[in-house]
A.B. asks: 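For reference, the structure I am asking about is given below.
Just so you know, these numbers use all the heavy atoms, side chains as well, and skip hydrogens, waters and symmetry mates. Start at 1 with the first residue, then count along the sequence.
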Amino acid sequence: MLNTVDRVDIVEFRWIEGAPQSGKTQRLIETIVEQAEAWSHLGLPQLSPRVPTPLQVPQSAPPLLVLAANGDNRSVLGDRLGQALGGRHPVEVTTPLGFFEREVLLFWPQIAAARSLTTAFPLRLQSETELELARQLWASALGEGGALQQPGVAIDRQVRRILDLLQLATAAGIDLEQIADRLDRGLPDYLSCPALAIQTAARAWFNRTQEHGFITYGTILGLYRQHLLTHAPYCQQLVERFSGIYADDIDEYPAMSRGVFEVFAQAERLGTLTFNADQFEVEGQTIIESLSIRRGINADPDALWALRSQVAPEYCETLTHAAGLSADLRESIFTVVYQPFEFKRLPPRIANLATVSRSQLLRRTAETIANLVQSGQVAAQEIAVIAPGLDAVSRYALTTILAGRGIPARTLNVQRPLSGSPRVRALLTLLSLVYRLGDRLERDVIAEMLTMLSPQRQPSDSIDLPPIGTDLAGVAQFAPDIDPVRAGMIADICYVPDRDAPDLVSLDIFHRRDRLGYRASTAYKSIVTWLGEVRQSLAKGHLNALAIIERIVRDWLWRPQMSYDGLVELRATIESSQHYWDVQRQVARSSPRGTTPAEAHDEERAIVDRFVCLLRSGAIAADPFPLEVGSGGVNAPVASVLLSNIFQYRSTRQTHRYQFWLDAGSALWAKGGTAELFGAPLFLQEWQGDPWTEKCELQASDRRLRCVLADLIARAGETIVLCHSDLDTNGSERLGPLLPLVDASQEWSELATGEAVMR
C-alpha cells in the first residue's frame with residue numbers, strides 16, 4: 001500500500017524546470033517523442049487482451065498518460081503532441097481533475113462497495129447546484145442562532161467557504177477531521193469562525209453527496225485518495241494501463257497528485273515533469289520560487305517541488321532561456337518596484353499613459369491602441385490589454401471605442417451571467433407564466449418578454465441583437481412587432497398580477513386597441529394563444545418543464561442566422577435546465593415517496609420556481625468566446641486586440657508583442673488578479689502550524705507580485721505600457737505597488753513618433 005509521505009527514488013523520471021517561455025513544454029514534447037517506444041525495452045507487462053484470443057487481434061502498446069494544468073493548455077499540448085508523434089504511439093492527454101474524475105467514475109463500483117452505497121452511477125454536480133443543495137442541507141445551522149451562523153458573513157458566502165475548505169483539505173490530502181484544528185490554530189482573531197461546526201458540516205456534505213449519488217470537485221479528490229490511491233490492486237492496474245506519465249506545469253496541481261507520480265515511480269515507469277520556477281535575488285540571496293498561478297486555489301507547488309530531490313541529478317534539467325523583456329529589463333523593473341529609493345529611469349520600452357480619472361484612462365488607452373494599429377506599427381493580434389480585474393465597464397468602453405475605429409477586440413474567457421441576456425430573461429418570464437409563479441413576475445419583465453418574443457424579420461439581414469460593444473454599422477436593427485412602448489401599454493392593461501394565478505388576458509379589455517396597431521395586436525394574440533395551449537397540455541400531463549423550455553426556445557427564441565452569442569446563451573440555458581432536473585431526479589430516487597398527480601405537479605412547480613431563482617441570481621454564466629487553439633476564439637476574429645485579466649492571461653500562456661497594463665496603480669496587482677480561497681494558506685505544505693498574521697499576508701502578497709511581474713515580463717515581446725489614473729472610479733487615490741514603476745517610466749507621448757516604440 002502506497003505511502004506518499006515516504007521518500008521514493010524516482011529512477012526513470014526526468015525533471016525540467018525553468019522560467020516562463022523558456023521552452024519547458026517543447027522539451028517535454030521532445031522527451032515524450034524520445035521515450036514513446038522505450039516502454040518495450042523495459043520489460044513492461046503486456047495488457048490482457050480485451051477480445052477473445054481466437055480473433056487474433058494484435059495488441060497495441062499501453063498509452064502514455066499526459067497531464068496539463070487546465071483545459072486550454074490540454075488542447076494546445078494535445079495538438080502539438082499529435083503532430084510530433086504522428087500516431088506512432090497512443091497518448092491520452094487530460095487534466096489532473098479530469099483524470100481523477102474519470103478514475104472515480106471508472107472504479108465507482110469498488111468505491112460504492114467500500115462505502116456501502118447503493119447508487120449505480122454518480123452524477124457530477126455543477127458549482128451552482130452544489131451551493132444550492134449544500135445550503136438546503138445546512139439550513140438549520142445557517143439560520144438564526146445556528147451553529148454555522150457568523151456575524152457579518154452572508155449565508156451564501158458562508159456556504160461557499162465551507163465547500164472551499166472541503167476542497168482545500170481533499171486537494172492537500174488532509175483528513176476532514178483536521179479542518180477544525182487547522183482553522184483554530186491558523187486563523188487570526190478577526191477571521192475567527194465556528195471551526196468545529198464547519199468541520200462537522202463539511203463531513204456531513206461529503207457523506208450526503210455520496211448517499212444521493214453526487215460527486216463534486218472536493219469529493220472526487222477525497223474518494224480518489226481514500227479508496228484508489230492507497231489501494232495496492234488499483235495502483236498495480238494503473239501502471240499496467242499506462243506505459244508512462246508526463247505532466248506539464250505540475251506547480252499548478254493539487255498536493256495529492258504527487259501520489260500518482262510516485263505510483264509510477266515505484267513501478268519504474270518512464271515519466272517527465274515540468275515545473276515553473278524562477279530565481280529571485282532578495283537581500284543578496286538567491287531564492288528559487290515557484291511561479292504557480294493557482295497557489296491558494298487548490299494548488300500546492302511546494303508539495304510537488306519535493307519530487308525534485310527524488311529525481312536523479314543527471315535527469316534534472318534547468319532551462320535558462322530568458323524570453324521577452326526578461327533578458328534586458330527584468331532586473332531594472334524589480335529594482336524600481338522593490339527598491340524605489342534607488343531610482344532608475346527605465347528605458348523607452350517601458351512607457352506610461354497617465355491620466356487623472358479612470359474614464360479618461362480608458363479612452364486614451366483605446367485611442368493609443370487604435371493609433372498604433374492604424375499606423376501599421378503593430379497588428380491588432382499583437383496587442384493585449386491586461387488588468388488585475390477587468391470589469392464590465394472597462395470591457396464595454398475599450399471594445400466600443402476600438403470598434404468605432406474599425407479594430408475588433410475580444411475578451412479572454414469572459415463569463416457573462418445568463419441573467420444578463422434579454423432572451424434568457426424572456427424565457428424565464430414565459431416559463432413563470434406557464435407555471436403561474438406570481439412571485440417571479442412583475443410588469444416590467446412582462447413588457448420585456450413581449451418585446452423579445454415578437455421580433456420582425458428583416459428581408460435581407462439578421463435581426464439578432466448585436467453583442468455589447470460591437471460596431472453597429474451594417475448590423476440590422478432590432479425591430480420587434482411589439483416595441484417597448486406598446487409592450488409597456490399591454491403589460492399595464494392585460495397583465496393580471498396574482499401570486500397564485502398570474503395571467504395575460506385578451507386585448508378585448510383594452511379600450512384603445514387602435515393605439516397598438518395590427519402587428520402588435522396579432523403578435524400579442526399569438527403569445528396568449530400559445531400560453532393557453534401549453535397550459536392545457538401541461539394540465540393533461542403531456543408536457544414537463546424540460547419539454548416546455550425546449551418548446552419556448554424552438555417557437556420563440558431560436559432563429560436562423562442567430563449570432564454565436566445568442567446560440568451560446570440558449571445552449572447554456574438548455575444544458576443548465578437539463579442538469580438541474582437530473583439533479584432533482586437523483587435526489588428523488590435517493591428518497592422515493594409516492595405522490596398523486598396533483599402533488600407531482602406542485603413538486604414540479606416548486607422545482608421550476610427554484611430554477612428560475614437560480615438563473616435570475618446570476619449564478620450560471622455562459623462563455624460566448626471559448627478559447628480555441630490557433631484562433632483565440634470560435635467566433636472572434638483572429639486579428640483582434642485581446643482584453644484579459646491577469647489570471648486568465650497567465651493561465652492560458654499568452655504572449656504578445658505589446659502589453660498594456662491597465663490600472664497599473666491598483667492595489668489588486670499584489671493579489672495577482674485573483675484571491676485565495678478562505679483559509680488556503682493553512683492547507684499548504686509550507687504551513688508550520690503558526691497563526692497566519694498580517695506579516696504572513698504581506699509576504700504572500702509580495703511573493704504573488706514577484707510571480708506576476710516575472711511572468712508578464714517574459715510574455716511581453718517588445719513594449720509594456722503602464723496605464724495609470726490618479727483616481728479610481730470611487731474618486732480614491734491609487735497607491736498600488738506598481739506606482740514606482742509608473743514614476744520611473746517615460747510618458748508615452750514622448751515616444752509615440754520615435755523609433756523606440758517601433759523597435
Side-chain angles (χ1 to χ4, degrees), residues 1-17 28 31-32 35 38-39 42-45 62-69 92 94-104 106-107 169-175 220-277 290 292 298-317 683-686:
M1 200 164 291
L2 180 67
N3 186 343
T4 59
V5 177
D6 296 339
R7 176 186 173 87
V8 178
D9 291 328
I10 303 178
V11 180
E12 302 294 344
F13 271 36
R14 295 186 182 182
W15 178 275
I16 302 172
E17 66 183 66
L28 175 68
T31 304
I32 292 175
Q35 297 180 343
W39 69 275
L42 294 177
L44 299 182
L64 301 174
L65 177 59
V66 182
L67 302 177
E92 187 170 315
T94 184
T95 63
L97 177 58
F99 170 75
F100 295 139
E101 180 179 0
R102 186 197 61 190
E103 295 297 289
V104 167
L106 185 62
F107 290 89
T170 55
I174 296 171
D175 292 335
I220 286 171
L221 297 176
L223 292 174
Y224 184 82
R225 182 180 71 89
Q226 293 178 19
H227 298 284
L228 297 181
L229 190 57
T230 56
H231 191 57
Y234 166 79
C235 295
Q236 178 63 31
Q237 190 178 63
L238 180 63
V239 295
E240 291 178 355
R241 288 161 50 204
F242 298 101
S243 55
I245 186 169
Y246 301 81
D248 198 20
D249 301 325
I250 65 170
D251 49 299
E252 309 293 353
Y253 295 11
M256 55 88 61
S257 61
R258 172 181 168 180
V260 178
F261 302 129
E262 294 181 337
V263 167
F264 282 86
Q266 283 185 331
E268 298 185 355
R269 292 297 191 267
L270 298 173
T272 301
L273 312 175
T274 73
F275 194 97
N276 275 299
S290 161
S292 173
N298 296 322
D300 191 348
D302 295 322
L304 277 300
W305 174 260
L307 290 171
R308 185 183 190 276
S309 61
Q310 300 171 224
V311 178
E314 60 269 24
Y315 290 132
C316 292
E317 182 178 359
F683 294 86
L684 297 176
Q685 180 172 285
E686 65 179 3

A.B. asks: Quick one, I32 and T272 - any side-chain contact, counting heavy atoms below 4.5 Å?
C.D. replies: no
A.B. asks: Nearest 0.5 angstrom please: N298 CG to S257 OG, how far?
C.D. replies: 11.0 Å
A.B. asks: Quick one, L67 with Y253, criterion side chain to side chain contact (heavy atoms under 4.5 Å, CB included). Give me CA distance, side-chain angles, the key distance, then yes/no.
C.D. replies: CA-CA 10 Å; L67 302 177; Y253 295 11; 3.5 Å; yes
A.B. asks: When rounded to the nearest 0.5 angstrom, what is the spacing between CG in D249 and CG in L304?
C.D. replies: 11.0 Å
A.B. asks: Check whether any side-chain heavy atom of S290 sits under 4.5 Å from a side-chain heavy atom of N276, and report yes or no.
C.D. replies: no
A.B. asks: Which pair of non-hydrogen atoms, one from R308 and one from C316, has the smallest distance, and what is that distance?
C.D. replies: O-SG, 4.1 Å
A.B. asks: Without swapping roles, check the side chain of S292 against the backbone of D251 for a donor-acceptor pair under 3.5 Å.
C.D. replies: yes
A.B. asks: Taking it one step at a time, do L307 and E262 satisfy side chain to side chain contact (heavy atoms under 4.5 Å, CB included)?
C.D. replies: CA-CA 9 Å; L307 290 171; E262 294 181 337; 4.0 Å; yes
A.B. asks: Would you say T94 and L65 make side-chain contact, with heavy atoms under 4.5 Å?
C.D. replies: yes
A.B. asks: About how many Å separate OG1 of T31 and CG of L273, when rounded to the nearest 0.5 Å?
C.D. replies: 10.5 Å
A.B. asks: Measuring from L238:CG to H231:NE2, what's the distance to the nearest 0.5 Å?
C.D. replies: 12.5 Å
A.B. asks: Working to the nearest 0.5 angstrom, can you tell me the gap between D300 CG and L684 CG?
C.D. replies: 4.5 Å
A.B. asks: Could you check if a side-chain atom of L223 sits within less than 4.5 angstrom of a side-chain atom of F100, using non-hydrogen atoms only?
C.D. replies: no
A.B. asks: Does some side-chain heavy atom of D175 sit less than 4.5 Å from a side-chain heavy atom of R225?
C.D. replies: yes
A.B. asks: With a 4.5 Å cut-off on side-chain heavy atoms, are L270 and Y246 touching?
C.D. replies: yes
A.B. asks: If every non-hydrogen atom of L106 is compared with every non-hydrogen atom of R241, which pair is closest and at what distance?
C.D. replies: CD2-NH2, 3.8 Å
A.B. asks: Do the non-hydrogen side-chain atoms of Y224 and E103 ever get within less than 4.5 Å of each other?
C.D. replies: yes
A.B. asks: Are the ring centres of F107 and Y234 closer than 6.0 Å?
C.D. replies: yes
A.B. asks: Side chains of I245 and F261, heavy atoms from C-beta outward: is any pair under 4.5 Å?
C.D. replies: yes
A.B. asks: First locate atom CZ of F242, then atom CZ of F99, and finally report the distance between them rounded to the nearest 0.5 Å.
C.D. replies: 6.0 Å
A.B. asks: Using every non-hydrogen atom in the two residues, find where A172 and A255 come nearest and quote the distance to one decimal.
C.D. replies: CA-CB, 4.0 Å
A.B. asks: Run the numbers on W305 and E686 for side chain to side chain contact (heavy atoms under 4.5 Å, CB included), then give the verdict.
C.D. replies: CA-CA 11 Å; W305 174 260; E686 65 179 3; over 6 Å; no
A.B. asks: For a quick test of reading the model, state the closest non-hydrogen atom pair linking Q685 to A306 and the distance between them.
C.D. replies: NE2-CB, 4.5 Å
